[in-house]
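The structure appears right after this line, and notes come after that.
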Amino acid sequence: MFKVPADNKAEAAMSEHVPETRPKPAVPMKPVGMNPNLLGYIGIDTIIEQMRKKTMKTGFDFNIMVVGQSGLGKSTLVNTLFKSQLSRKSAGWSRDDKIPKTVEIKSISHVIEEGGVKMKLTVVDTPGFGDQINNENCWEPIEKFINEQYEKFLKEEVNIARKKRIPDTRVHCCLYFISPTGHSLRPLDLEFMKHLSKVVNIIPVIAKADTMTLEEKTEFKQRVRKELEVNGIEFYPQKEFDDDLEDKTENDKIRQESMPFAVVGSDKEYQVNGKRVLGRKTPWGIVEVENLAHCEFSLLRDFVIRTHLQDLKEVTHNIHYETYRAKRLNENGGLPPVSAENEESHDSNI
């Protein structure tokens with residue numbers, strides 16, 4: 001009997017068990033772990049690349065609101081956060097303007113592009129908040145504005161001939177600026193966050209943190225967290241919205257250690273050890289904005305932009321907007337809200 005050499009047997013056995021090699025796509029690379037039920041490479045993983053290309057073409061929106069007393073550096077921090085000039089001056093505002101007698105809502109939009117990705121950034125400012133002798137119910141115009149954006153989106157959504165891409169003006173994130181008193185939260189801080197945390201993602205930040213010592217800053221952060229917990233105030237990221245154990249572990253660390261972020265904002269550069277850095281010049285030296293030993297600005301930037309930006313948008317759409325939508329439809333007996341615009345559109349279609 002003819003015997004197959006041992007080397008040939010091994011090659012024959014390998015050819016029986018090893019699937020036929022197929023060309024890999026250019027992007028992304030073929031996954032390392034393949035489903036044993038599949039006979040070869042299909043290309044399901046390219047959906048990520050398809051989504052990326054589509055997003056690169058269309059771009060996306062991000063709407064951020066800043067709330068706090070005058071003089072806490074809200075505009076400067078936003079400029080620093082996005083490394084763009086989104087200050088009041090570019091919107092026709094001036095520091096010499098008188099403090100408004102009531103809370104005003106002012107928006108300004110810029111298109112920012114980085115690495116081929118376009119983002120339409122809208123900053124919503126609230127001059128006049130907390131600046132009056134009597135600040136009773138001064139959060140109401142802000143809450144009204146946020147709900148108006150939900151209503152606008154809802155009306156577009158229920159139109160018979162609705163747009164392919166509905167303009168999104170909903171507030172995805174609200175940075176609430178806490179004055180660096182070092183003592184405790186003001187009643188206004190607690191009332192605002194108690195009311196608004198139900199309709200928008202609130203991220204509390206301690207403004208001008210360089211006015212406190214490191215010990216004062218640590219104690220104040222702990223006191224603020226305790227007060228928010230005692231008063232039942234939920235800030236973003238909310239515990240009940242953690243998707244899995246990985247999210248819970250990551251977000252617990254943020255909730256228990258980072259919040260509220262103690263930040264310093266500056267759009268001025270200084271020379272430090274041969275490097276140009278953003279910072280604030282004091283008689284004692286330069287407070288470096290992006291130095292973790294000096295402040296937590298870089299933690300806030302990473303949190304809002306690099307790790308949780310998409311989640312902020314999803315929580316806004318899936319939780320806050322859906323809550324508003326369900327309430328409005330229930331009020332209307334399950335029917336969409338009717339406006340004069342909708343009626344005209346309906347009549348013209350008939």
Side-chain angles (χ1 to χ4, degrees), residues 58-68 74-75 78 81-82 86 88 91 93 100 102-112 118-129 137-159 161-177 191-204 234-238 241 304-305 308-332 335-342 345:
T58 59
F60 60 97
D61 304 309
F62 187 62
N63 308 317
I64 185 169
M65 174 181 274
V66 289
V67 182
K74 300 187 295 295
S75 300
V78 171
L81 202 58
F82 294 98
L86 298 167
R88 292 186 179 188
W93 299 320
T102 57
V103 178
E104 297 178 2
I105 311 290
K106 295 189 176 184
S107 302
I108 178 169
S109 296
H110 280 255
V111 175
I112 299 175
K118 290 181 182 179
M119 179 176 77
K120 182 185 176 185
L121 173 69
T122 300
V123 179
V124 184
D125 198 2
T126 54
F129 176 84
N137 299 333
C138 66
W139 59 82
E140 287 181 352
I142 298 172
E143 185 175 14
K144 182 184 175 187
F145 174 84
I146 292 169
N147 285 330
E148 282 173 352
Q149 308 319 303
Y150 291 147
E151 182 71 15
K152 194 183 294 184
F153 194 90
L154 177 60
K155 284 180 178 177
E156 287 285 353
E157 198 176 50
V158 299
N159 270 341
R162 64 181 181 183
K163 297 172 183 174
K164 185 178 178 182
R165 190 180 180 207
I166 300 174
D168 190 1
T169 60
R170 297 169 298 180
V171 178
H172 302 125
C173 170
C174 173
L175 293 181
Y176 185 75
F177 286 69
E191 285 299 318
F192 175 87
M193 287 189 271
K194 193 178 290 184
H195 283 83
L196 273 292
S197 62
K198 298 170 186 174
V199 297
V200 71
N201 297 315
I202 290 182
I203 299 176
E234 286 277 341
F235 51 82
Y236 179 85
Q238 300 89 335
F241 303 151
V304 172
I305 301 172
H308 285 70
L309 189 147
Q310 184 58 31
D311 189 64
L312 281 162
K313 296 187 69 173
E314 287 177 4
V315 171
T316 299
H317 181 77
N318 298 331
I319 307 297
H320 297 305
Y321 170 67
E322 281 300 318
T323 301
Y324 178 86
R325 179 178 173 276
K327 181 184 173 186
R328 286 289 286 118
L329 294 180
N330 283 332
E331 287 173 356
N332 212 29
L335 297 172
V338 178
S339 64
E341 200 174 294
N342 285 349
S345 174

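Treat the numbers as computed from the prediction; the structure is a model and nothing was measured.
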State whether the side chain of [X] and the backbone N or O of [Y] hold a donor-acceptor pair below 3.5 Å, judged by distance alone.
| X | Y | value |
| --- | --- | --- |
| Thr126 | Val66 | yes |
| Lys74 | Met65 | no |
| Asn63 | Arg170 | yes |

- Message: Using the rule given for side chain to side chain contact (heavy atoms under 4.5 Å, CB included), can you reason through Lys155 versus Asn159, listing the C-alpha separation, both sets of side-chain angles and the distance that settles it, and then say yes or no?
- Response: CA-CA 6 Å; Lys155 284 180 178 177; Asn159 270 341; 5.7 Å; no
Side chain to side chain, [X] and [Y], heavy atoms closer than 4.5 Å:
| X | Y | answer |
| --- | --- | --- |
| Asn318 | Phe241 | no |
| Asn137 | His195 | no |
| Arg325 | Phe153 | no |
| Val199 | Tyr324 | no |
| Tyr150 | Thr316 | yes |
| Tyr321 | Asp168 | no |

Could you pull out the closest heavy-atom pair between [X] and [Y], with the gap in Å?
| X | Y | value |
| --- | --- | --- |
| His320 | Lys198 | ND1-O, 3.5 Å |
| Arg162 | Glu156 | CB-O, 3.3 Å |
| Trp139 | Leu196 | CB-CD2, 3.9 Å |

So how far is it from [X] [atom1] to [Y] [atom2], rounded to the nearest 0.5 Å?
| X | Y | atom1 | atom2 | answer |
| --- | --- | --- | --- | --- |
| Leu309 | Glu314 | CG | CD | 10.5 Å |
| Ile64 | Ile203 | CD1 | CD1 | 7.0 Å |
| Ile112 | Met119 | CD1 | CE | 4.5 Å |
| Arg165 | Phe60 | CZ | CZ | 10.0 Å |
| Lys164 | Thr58 | NZ | OG1 | 10.0 Å |
| Ile319 | Asn201 | CD1 | CG | 9.5 Å |

- Query: Between Gln149 and Thr169, is any side-chain donor less than 3.5 angstrom from a side-chain acceptor?
  - Reply: yes
- Task: Please report the C-alpha distance between Ile202 and Phe192 in whole Å, then the side-chain angles of each, then the deciding distance to 0.1 Å, and finally whether the side chain to side chain contact (heavy atoms under 4.5 Å, CB included) criterion is met.
- Result: CA-CA 10 Å; Ile202 290 182; Phe192 175 87; 4.1 Å; yes
- Query: Under 6.0 Å between the ring centres of Phe235 and Tyr176?
  - Reply: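 Judged by ring-centre distance (under 6.0 Å), Phe235 and Tyr176 do not meet the cut-off.
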- Ring geometry between His172 and Phe62 (parallel below 30°, tilted from 30 to 60°, perpendicular above 60°):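 Correct class here is parallel.
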- Message: I need the single residue from Ile108, Leu175, Leu81 that forms a side chain to side chain contact (heavy atoms under 4.5 Å, CB included) with Val123. Which is it?
- Response: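 In the set Ile108, Leu175, Leu81, the residue that makes a side chain to side chain contact (heavy atoms under 4.5 Å, CB included) with Val123 is Ile108.
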